[in-house]
Each structure stands twice: as structure tokens, then as C-alpha cells.
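Below is one structure, written out as C-alpha cells, with a few remarks after it.
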Amino acid sequence: MGQLNTTRNVARADDVYQMLIDAHEGKTKDESDAFNARLILTLINHIGDEAVIAEALSVAEG
Amino acid sequence: MFDDRYTLAYKLYPYEKSADQDLDTPVRHPVVVVGGGPIGVATALDLGQQGIPVLVLDDHEGVGMGSRAICFSKRCLEVADRYGCGTPMVEKGVTWNLGKVFHRDHKVFEFNLLPEDGHKYPAFINLQQPYFESFMIERLRALQAEGAPIQLRGKNRVDAIEVKDDHVVLTVMTPDGPYTVEADWLVAADGANSPLRDKLGLGFTGKVFKDSFLIADIRMKGDVDFPTERWFWFEPSHGEGASMLLHRQPDNVWRVDFQIGWDVDRKEEMKEENIRRRLDAFLKGVEYDMVWSSIYTFQCKRMESFRHGRVFFAGDAAHQVSPFGARGANSGIQDVDNLGWKLGLVISGKAPEALLDSYSAEREHGADENILNSTRSTDFITPKSETSKIFRDAVLALSDKHDFARPFVNSGRLSVPCYYDGLPLNGADDLPGGPARARPGAPCPDVPLGDGFLIERLGARKGAAFQILAVDAEVPETFSAHGLDLEVVKVSAADAPLLRERYLGEARSAVYLIRPDQHVAARWETWDDRAVAQALGRATGHDIGKEQ
């Protein structure tokens, strides 16, 4: 399948960004890193499609 | 006895002894405003235009030095237009719509704040605060000359306040000694450190941010090629500081704002050689004069309630935000815009006192919105934790190539007008297919009409009048209800096509009930006497405190 969505897809970007930052509030750096790993794996499962995940990895590579 | 807390840019209202000072019985004024800054003077213009006597007391004799607030929003200018001083502000100000965001030394993206035409006023102008205030005081003098019942007293400092059930008693210090004055209603517009708030023992709660910012206003010598745009740098590599803002003002003056951290030696940083060191690293060889500089820290705080019986708090006295987003003076002017007509109606016996509670409800909503936005911007600009900074930098890195990440970049969400959604004065939204931007609670969108603009015909300019805006609708020539005579404004989409997009939407005709502050109270597709009368009752506070 493939085709990572790289168009704007979040209606209220500021709200969502705040949810993300708030989720880290009070965590140590190690706890935050572990949290991020769990978050990424959860989102990867939601996406499912290997080709899309590969595209996302390449976007993150920069 | 009278030490000025700041230097004056213009001495505009020197102390004069008033007749009140020699009387044995204190004079009772309908409205006393404490504070002669932009918010206090705007209150005087609003009430004075309505013919409501208003007395402004200020502990100084004019307008303070320093550019301070520089960005004035479209909504603020529309309010100023109603007060009769919007045009000179725009003529003097620098108009801008475009912002650019940089990370280190490259541009991440740019944004346009007013992506559509057909508005009398631009998204923003930059104007030094002393000019903004001077234009309002000039207007105040013109209104006085026309007989408006406004008094402005310099070097009149409120030293004590006593709040009674139905009035307020003030002890006012002057160079000739103290006197007592009474007010039916008091508006406290005495700034972020509001002495009145302290005297009444009222709280001011929220967040203090641990960062300091150094502002330098500089006048460039010779030709400079910086355009009239807002430039914001995250981690600038060419200058010093964790972030930096560059913005043009009138008179070839530029505002440069450096984020310099929390633990700084203020005295050291304020030395001209140190300010120049930071500027030179960025300006490389450009010649300039220093105009004004200051170091500030900020907080995002508000009072729990903006009304305390006979006392109203407005502007920075009621709420304070970070400067990112230009939400300070602009929201203060919206406070005045909201309070003025309500006080006017209550004082002239045309609305119940309960209407005044809606000032609190609506403007606390506005303050919350401003505090939320300004807190978020601050958190993005100055991330509080390592992880927060990692995310911030990731957003900036992705934004360079990918448009999807750009909505997350937050260098300040610039002031937009407040929509009073879901609040008690709003009436029916009975216009199927009507545009959301003109829903009840919304400020009226502007539309060009022949050789003028709709915004010039809406809102109270003399009395606190409600209006009917009829867009291709059959409406009566006049209408009265609840003791108010409404003005009818008839327009047609045939003459002004943008009315379709901004007021009709899918509908063929529309009837809008417009508040004196140019906000929509209710709307329908066609005229209905009873429905309009009911909405007018609601918008003037007749339903507040009653079972719905």
C-alpha cells in the first residue's frame, strides 16, 4: 500500500501539542524516553502498513 | 510626595486644582476610572461618547516613555475607529501582515495574518504605545470641546478606597493635599501591579515564567533593507539569546527582543555596551542609535472575578499575559469595548444591573483564551524540560521540509478577536446555512460597502444603541423594545458581494441583531418582531439570573 500522509491532518495542532507535552510533565528524562518508545510502538500498531512505517522512518531521518 | 514612577514622553494633562477639592461634601460621580493609560482613556472615550459623565484619575500627568506595547490588532483598531481615533493610528503606524519564522540561520516558513481582502483595518499595525495613547487623548480633548462630560485629572493618586453597597469612596492625593470623591461605579485600569487590586486584597493567580527578555528599540542610520515583517528566530546563530524577535515601528525604529535567561545581572545587561554587543553580533556593521531599552519578565495571571460589586477591573489590572501574541493592550481594549455600553445602559436605567455580570463572564472567557494561547507560545519558545525542548526542536527540524509540522510551530499566536461562544447574552442562531464566522457572540466581520466599510456603520458611536443589520431582508424602518430604539442598517449583497460569504452563507436573506460593541447578539433568516424583542431582552441582561 504505502503513501504516508504528509499533508496537515491535525485540526487543533496547539491542543494536541499541549497533550503531548503535558504527558511528559513530571517525568525524568529516562521515563520520558521510555514513554516515547511506548508511544511510537502504539502508533506503529495503529498504522499497521509496513510501507507507510518505512516512509515515516525516512521522514524522521531528515 | 509625588515621585513619578516613570518618565513622561508627553505631558498632556498637567495637574490643575479641581472644584471637587474645596468642597466639604464629597462630589458623587457616576463613573470614576482609575488609571490614565490606554485602557482608562479608552473607557473615558466610550462613556463620554455616550454622554455618561466620567472622571479619570491618573497619578502622572501624561503618557509614559518607551514603546512598550507595539502591536495593535485589527479588532483593537476597529474599536478605536468607533471612538473616533482609528484612522490617525493607521496613518502613523506601520502596517504588516507577514511573519517569518527562522531556526538558527535559516527560514522555516512564513505566514500571512490577513489572507483575505475587504477589511477597513489591517491585521496589525506597529505603533509605539506613546503614540497610541496620544491619539486617544487628542480624541478625548476633541470630545471635551464638543461638550462630552469627560474629566481627566493628572497627579491625582488614589490612596484609599472604600467599597459600599451602592457606591465607592476614594481618598485622592494631589499636590494640594488629599480630597475625597465618590463614585457610583469604579473602573480600575491601574495596570499590572494594580494598587487598587492590592488595596481590596484581591488575588491575582497564575504562572510566573522563569526567563528574562531584553528589549532594545533602535533607530537605524542610513538605508536598511529589513522589510516590514515580523521576524522570529529560535536559537539565532547570528545573535545572542535563546530566541529573538525583530519588528519595525514608525520613525525608522526597530524593536529587537532577546530572550536572555532567568539568572541575569539586570544592571550589567542594561549597560549600553552590553546591549550593543548583542545587537552588533546580529546587525554586523549597521549604524544605529539606541532609543529605549528595558528588561522584562512576565507572568500569565488573572483575577478570579473582574467585577466586585461596584468595582470593575480592566486591562492588565485584571489579567496579564506574555507579550508573545500581542494580547495585552489588545485584550484590554476589548474589555473596555465590552464594559462601556453595559455601564451606559445600566446608568441610564435602560438595562438591569445584572447585565454588568456579563462583563465578567465574557471578558474572563477572553482572558482565559489569551492566557492559554500565550502560555502555550511561551512553553514552545522557552521549553521547560529537556524532553519538551527535544520535541520543540523536532517540530522545527521537520517544518523546514514538511508543511504538516508547521501548524505546531508556535512563535506567538497573534491576537484574534474574542468570540463569546455559549455565553448568556447570546440569542437565537436561526439562520440555516449562515456563516460560522458571524454566529451569535462573534465580532462582526467587515465588508466593503461602496465607498466605505460595514464596520463604520455598526456599533454605538454616540449612544449605547443596538442595531438591526438587514441583508436583503424586509424589516421595519424603526423598532423599539425594552425601552430601546434600535437603528436599522439595510444592505444588499447585490451592492456588496462579500456580504454573501460573510453574512448570508447559504441563506437568501439575513436579519442580525448587533450589540453596541459590534458583536452579533442573534440572527434569523427573516424578520420576526417577537423573536427580535426576546433576543434584545436577553442581550441586555433581562434573562440573567432567571430560570431558562
Side-chain angles (χ1 to χ4, degrees), chain A, chain B residues 101 103-104 106 108-109 111 115 207 209-210 234 300 321-322 324-325 327 368-416 419 421 436:
Chain A
M1 296 220 310
Q3 277 301 313
L4 177 74
N5 182 1
T6 56
T7 58
R8 300 181 182 202
N9 194 34
V10 177
R12 292 151 61 101
D14 286 352
D15 289 358
V16 170
Y17 191 79
Q18 186 173 1
M19 278 168 68
L20 179 64
I21 300 304
D22 285 352
H24 287 276
E25 181 103 16
K27 289 187 170 63
T28 63
K29 179 65 172 51
D30 285 351
E31 287 166 351
S32 277
D33 289 349
F35 177 95
N36 281 337
R38 294 193 297 271
L39 178 64
I40 292 166
L41 291 168
T42 306
L43 295 174
I44 279 183
N45 176 64
H46 176 81
I47 296 163
D49 189 319
E50 262 178 56
V52 173
I53 293 161
E55 283 179 58
L57 290 173
S58 120
V59 165
E61 198 64 53
Chain B
V101 175
H103 187 204
R104 306 207 172 96
H106 64 273
V108 179
F109 72 105
F111 55 90
K207 274 165 115 174
F209 290 86
K210 293 201 162 181
F234 292 98
C300 291
V321 292
S322 80
F324 306 112
R327 289 167 182 270
D368 285 344
E369 204 173 83
N370 288 321
I371 287 172
L372 177 71
N373 277 291
S374 118
T375 302
R376 283 173 172 175
S377 302
T378 309
D379 285 343
F380 195 88
I381 293 164
T382 66
K384 280 180 303 195
S385 68
E386 198 180 346
T387 299
S388 182
K389 183 164 189 312
I390 289 169
F391 275 112
R392 197 281 302 271
D393 291 348
V395 166
L396 292 172
L398 285 169
S399 296
D400 196 15
K401 266 199 213 156
H402 301 284
D403 179 66
F404 78 85
R406 292 173 193 164
F408 294 108
V409 176
N410 192 340
S411 70
R413 297 282 180 241
L414 287 149
S415 178
V416 288
Y419 289 70
D421 283 333

For B:Phe324 and B:Ser374, the nearest pair of non-hydrogen atoms, with its separation, is O-CB, 4.1 Å
Which heavy atom in B:Glu369 sits nearest to a heavy atom in B:Arg327, and how many Å separate them?
O-NH1, 4.3 Å
Between [X] and chain B, with a heavy-atom cut-off of 4.5 Å, which part of the residue counts as in contact: side chain, backbone, both or neither?
X       : answer
A:Val59 : both
A:Thr6  : both
A:Asn5  : neither
A:Asn9  : neither
A:Asp22 : neither

Ring centre gap for A:Tyr17 and B:Phe391 strictly below 6.0 Å
no
Please classify the contact of [X] with chain A as side chain, backbone, both or neither, using a heavy-atom distance under 4.5 Å.
X        : value
B:Arg392 : both
B:Ser385 : neither
B:Asn373 : side chain

Best-contacting candidate, B:Asn410, B:Leu372, B:Thr387, against chain A by heavy atom pairs under 4.5 angstrom:
B:Thr387
Counting only heavy atoms from other residues, nucleotides and ligands, does the tally under 6.0 Å from NE2 of B:His106 exceed 12?
yes
A:Glu50, CD: over 12 other non-hydrogen atoms inside 6.0 angstrom:
no
Between CG of B:Leu398 and CG of B:Asp393, what distance do you get to the nearest 0.5 Å?
11.0 Å
Check ion pair B:Asp403-B:Arg406 (N to O, under 4.0 angstrom)
yes
Chain B shares the most heavy-atom pairs under 4.5 Å, among A:Ile21, A:Asp33, A:Val16, with A:Ile21
